[in-house]
Amino acid sequence: MKLYLTPGYQCIASWLSAKGHHAFPFQEEAWQHIVSSKSGLVNAPTGCGKTFSVFLGSVIRFINQHPTDYKSKSKNGLQLLWITPLRALAKDIGRAMEEVIEELGMSWTVGIRNGDTTQAERARQKKQLPEVLIITPESLHLFLAQKGYADAFKNLQLIAVDEWHELMGSKRGVQVELAISRIVNSHRKSMATKPPMIWGISATIGNLSDAKDVLLSAIREEGVIVKAQMKKQIVVESVLPDEIENYPWAGHLGIKLIHKVIPIIEQSKTTLIFINTRGMSERWYQELLNHAPEFAGAIALHHGSIEQELRLWVEEALHTAKLKAVVCTASLDLGVDFRPVETVIQVGSPKGVSRFLQRAGRSGHSPDAVSKIYFLPTHSLELVEAAALKNAIDEELIESKEPMLLCFDVLIQYLNTLAISDGFKPEEIFAEVKSTYCYRDLLQEEWEEVLKFLTEGGKALQQYDDYKKIEVIDGLYKITSRRIAMQHRLNIGTIVSDAMLKVRMQSGGYVGVIEEYFISRLEPGDCFTLAGRNLELLQIKDMTVLVKKSTSKKTIVPSWNGGRMSLTANLGRKLRETFNDVADAGKIMGSKNQAPELVHLSSLFQLQQQLSHIPKDNELLIEHHESKDGYHLLVYPFEGRQVHEAMSAILAYRIGKIAPLTFSIAMNDYGFELLCDQPIPVDDTNASELFTLNDLTADIQRSVNATEMARRKFRDIAVIGGLITQTAPGEQKKARHLQASASLLFNVFSEYDSKNVLLRQAYQEVFDQQMEEVRLRNAFTRIGNSTIVITVPQKFTPLCFPIIADGLNRNNLSSENIEDRIRRMQAQLMKD
DNA sequence: GACCTGCTGCGGTTTG
């Protein structure tokens, strides 16, 4: 085949589609920008060939510039640096690139540099870098920790950042910002040629133009956004329980609808079943096999605690349709472009619009195909969320990603990184660091404090030699100790996780990992489930759990200590609006264009309306309940559990000023509960006062234990900043040990250096991330403009049910007891 | 620092 590269690019496009690659609708626009050396951001739904578009742009540019010798094996040096957040993606991308290169008859080679790269390959790369290098943010920083790193970038044309929407908003994104600032400026200083362009590749997010600005900040260029103006067609179908009356009002597993999932799996070639937690995914896998034994060997399990090798096999087998279905957690959210499936099922709330869309996008994977996703509610009310999601998708109400600001821990790690390779000159690096979006507001005195910390251990730690890492030699900041250098390299990165023990079969082969605290509760002989296998604990040795296969029917499903996804602001808002549609319960029965989910729930809404009230989006509903457990106050802001956590504490504090009461608090994504042994004095006369914006800041400080929260946040900060080392050669520190030393440091800083930047950062992270202070404040403002409706229902209402049920968990009842009790409560309600 | 449903992501070089 003959390829005409300039001026018409159509030939490549048609060649691509002949090869089965989808042409990105606006790829020519992207190519033209790249050819003319502009930087920017490419955005389109998944499966539109964004990756190819950027890659080909750089290829075309190269060929245009070297029309006579792009086929010769001259040593071109590194041309394209491809940053991707996932190791697993590197191989697929690399293979596709090689295919294109071969077709074009080019001499380029493609290399991968990450934790999986072998020593031999590293050595080869050291001698000669490939033209294209695919790398993770962490490995890129390790690259900057190598002597003479700047040399490698001297011919670099383009830095591409794949999945930028995933990286931005995390500290990994900050690492990318810093690395770009370094590469671009080292280039600028030493070379006469133009510094490399920067191109981001992003799925749709609410603040796309911010995403571009964050990425391009260090090169001080406006840049362009190349956006495919196309709407991906998405069909959402809820899996409806036959009789809503008999479907649980509370719960998280949703296994009761398993009989409706089996035909969906049977009817499609490949299916992904997204489950919210690792523990529940293990149970779903088991139950699927119990209900449909013929699935044995045709379905598999995939989550973050399962051994890598096993996971890779599962991904491959799904890709080649050897497997019919995979039960997974967020572990299969990414890695989209090259491994589509036919059907996607989401079990339980996806907590946000974009996560739901992303998962839907794994099916029907081409620009014009329809993506279909089934939504399976784990309790009745979750069907409202399904209706809300549909509306949100129609309106393209996609969440924004907020870029992180002034992460001093990442900055300290980065400066140590530079200090172990070539060393750095503060004046030069300060300007560079300030050119990034993250550190643009960095103050001179903060910078100096950081430098002081690096060289002297700062105010609080100056007695300890361990914290004097950097020496100043002729104005050059450098780490000369090989021990410190090695330790630092081992700890580069911003992902801090709990100590996990590896689980290994007695007969050989690893199964996965399990948390220290979980396994410490088990005795040898106990049985648990991991990766879908029943295992008997034999012994624990050297951070490894030795197990053998068990035939025991009674096993414990581990619970891992994961993050707590909160409902996003967008989905919360949509949820409140959806209640508008049903606020007049009579409307539901009559209306034909009502969402099927809402029609299905009509009996539940009628009950809610009859017993209490259905809140509209300009109302806040408060319910008083009385039970043998005491007096319950239920509030429904629909703001997600994190906001509710702070809001409930503030409310408890404010009520406490009226009467000295103590509460026990429970919450979910829809609302929260204050439980008390005495009547709770909240009524029409004081309700709006209790939700006032006045004195909010002070009341937050008085009610929320920010110090305790900051202490926990500080652990990660201390690890990232290198104050505590997680991994020393041949040793993994125990989680408890880590927590203890972090806590100690927190105390030292609080006492001797209370204005310390890392300490301040810990509090800032609590306010920004944990309490979501901006959102909390917005919620108080919204409530201030709403009508507060207070009801005193005679019985528990459908809305209060899941929250009170979660509250029961608090009180040390065994899970069996709770299930029985909920069933009894619900049966009682339905009877009369 | 715990368990109350609770995700994902990464990771050694230099010099002898």
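Letters A, B, ... are given to chains in the order of the sequence lines, protein chains preceding strands, and every chain is numbered from 1.
Between R113(A) atom CZ and dC10(B) atom P there is a gap of 16 Å when expressed in whole angstrom units. In this structure, CD of Q119(A) is placed 9 Å from C1' of dG12(B), rounded to the nearest angstrom. Regarding L167(A), its CG atom lies at a distance of 12 Å from the C1' atom of dT8(B), rounded to whole Å. As rounded to whole Å, 13 Å separates atom C1' of dG9(B) from atom NE2 of H165(A). Rounded to a whole Å, the CZ atom of R311(A) is 9 Å from the C1' atom of dT8(B). The interatomic distance linking R564(A) (CZ) with dC7(B) (P) rounds to 10 Å, in whole Å. If you measure from atom CD1 of I255(A) to atom P of dT5(B), you get 16 Å, rounded to the nearest angstrom. dG1(B) atom P lies 13 Å from atom CG of N705(A), rounded to whole Å.
Distances shown here put every side-chain N or O of S139(A) at or beyond 4.0 Å from the OP1 or OP2 atom of dC10(B). Regarding contacts with the backbone of dG11(B), every side-chain N or O of R489(A) stays at 4.0 angstrom or more from both OP1 and OP2. Remark: R283(A) is not in phosphate contact with dT5(B), judged by side-chain N or O atoms under 4.0 Å from OP1 or OP2. Within the structure, a side-chain polar atom (N or O) of T136(A) is placed less than 4.0 Å from OP1 or OP2 of dG11(B). Of the side-chain N and O atoms in K171(A), none sit less than 4.0 angstrom from OP1 or OP2 of dC10(B). Proximity of R712(A) to the phosphate of dG1(B): no side-chain N or O atom is located under 4.0 Å from OP1 or OP2. Look at R87(A) and you'll find a side-chain N or O under 4.0 angstrom from OP1 or OP2 of dC10(B). For S559(A), a side-chain nitrogen or oxygen approaches OP1 or OP2 of dG6(B) to under 4.0 Å.
Using cut-offs of 30° and 60° on the angle between ring planes, the pair F746(A) and Y763(A) is tilted.
Heavy atoms of T277(A) sit under 4.0 angstrom from at least one base atom. At a threshold of 4.0 angstrom between heavy atoms, the contacts of N561(A) include nucleobase atoms, whether or not backbone atoms are also involved. Backbone-only contact: H303(A) has heavy atoms under 4.0 Å from sugar-phosphate atoms and none from a base. Within 4.0 Å of S170(A), counting heavy atoms only, lies no atom of the nucleic acid at all. Nucleic acid contact for G279(A): none, since no nucleic acid atom lies under 4.0 Å from a heavy atom of the residue.
Here the side chain of L142(A) is nearest to one of dC10(B), dT8(B), dT13(B), namely dT13(B). Among dT5(B), dG12(B), dG1(B), the nucleotide with an atom closest to any side-chain atom of H252(A) is dT5(B). Closest approach to the I495(A) side chain among dT14(B), dG1(B), dG9(B) is made by dG9(B) (side chain taken as heavy atoms from C-beta onward). Residue Q146(A) places its side chain closer to dT13(B) than to any other of dC3(B), dG6(B), dT13(B). Taking every side-chain heavy atom of R641(A) into account, dT5(B) is the closest of dT5(B), dG12(B), dC10(B).
Base orientation of dG12(B): syn, since the glycosidic angle falls within 90° of 0.
Taking the ring centroids of F143(A) and Y149(A), they lie at or beyond the 6.0 Å cut-off.
For R483(A), the CZ atom is loosely surrounded, since the number of other residues' heavy atoms within 6.0 Å does not exceed 12.
The residue among H302(A) and E708(A) whose nearest nucleotide of DNA chain B lies closer to the 5′ end is E708(A). Each of K147(A) and E138(A) has a nearest nucleotide on DNA chain B; the 5'-most of these lies closest to E138(A).
Every residue was checked against the salt bridge (charged side-chain N to carboxylate O under 4.0 Å, His left out) condition with R113(A), not counting sequence neighbours, and none meets it.
Side chain T494(A) to base dC10(B): no donor-acceptor pair is found below 3.5 Å. Below the 3.5 angstrom threshold, one finds no donor paired with an acceptor across the side chain of R482(A) and the base of dG12(B). The base of dC10(B) has none of its N or O atoms less than 3.5 Å from a complementary donor or acceptor on the side chain of R172(A).
Just one residue in the list L81(A), I201(A), I83(A) forms a side chain to side chain contact (heavy atoms under 4.5 Å, CB included) with V161(A), and that residue is I83(A). Among E282(A), R311(A), R278(A), the one residue that satisfies the side chain to side chain donor-acceptor pair (under 3.5 Å) test with H303(A) is E282(A).
dG6(B) and dA2(B) are spaced 14 Å apart, taking the C1' atom of each and rounding to whole Å. Only the C1' atoms considered, dT8(B) is 22 Å distant from dC4(B), to the nearest whole Å. The separation of dG12(B) from dG16(B), taken at their P atoms, amounts to 23 Å, rounded to a whole angstrom.
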- request: Mind running salt bridge (charged side-chain N to carboxylate O under 4.0 Å, His left out) on D409(A) and K713(A) for me, showing each step along the way?
  value: CA-CA 12 Å; D409(A) 52 350; K713(A) 283 272 175 209; over 6 Å; no
Yes or no on side-chain hydrogen bond (donor to acceptor under 3.5 Å, both in side chains) for E382(A) and T378(A), after CA distance, side-chain angles and deciding distance?
CA-CA 7 Å; E382(A) 231 165 37; T378(A) 60; 2.8 Å; yes
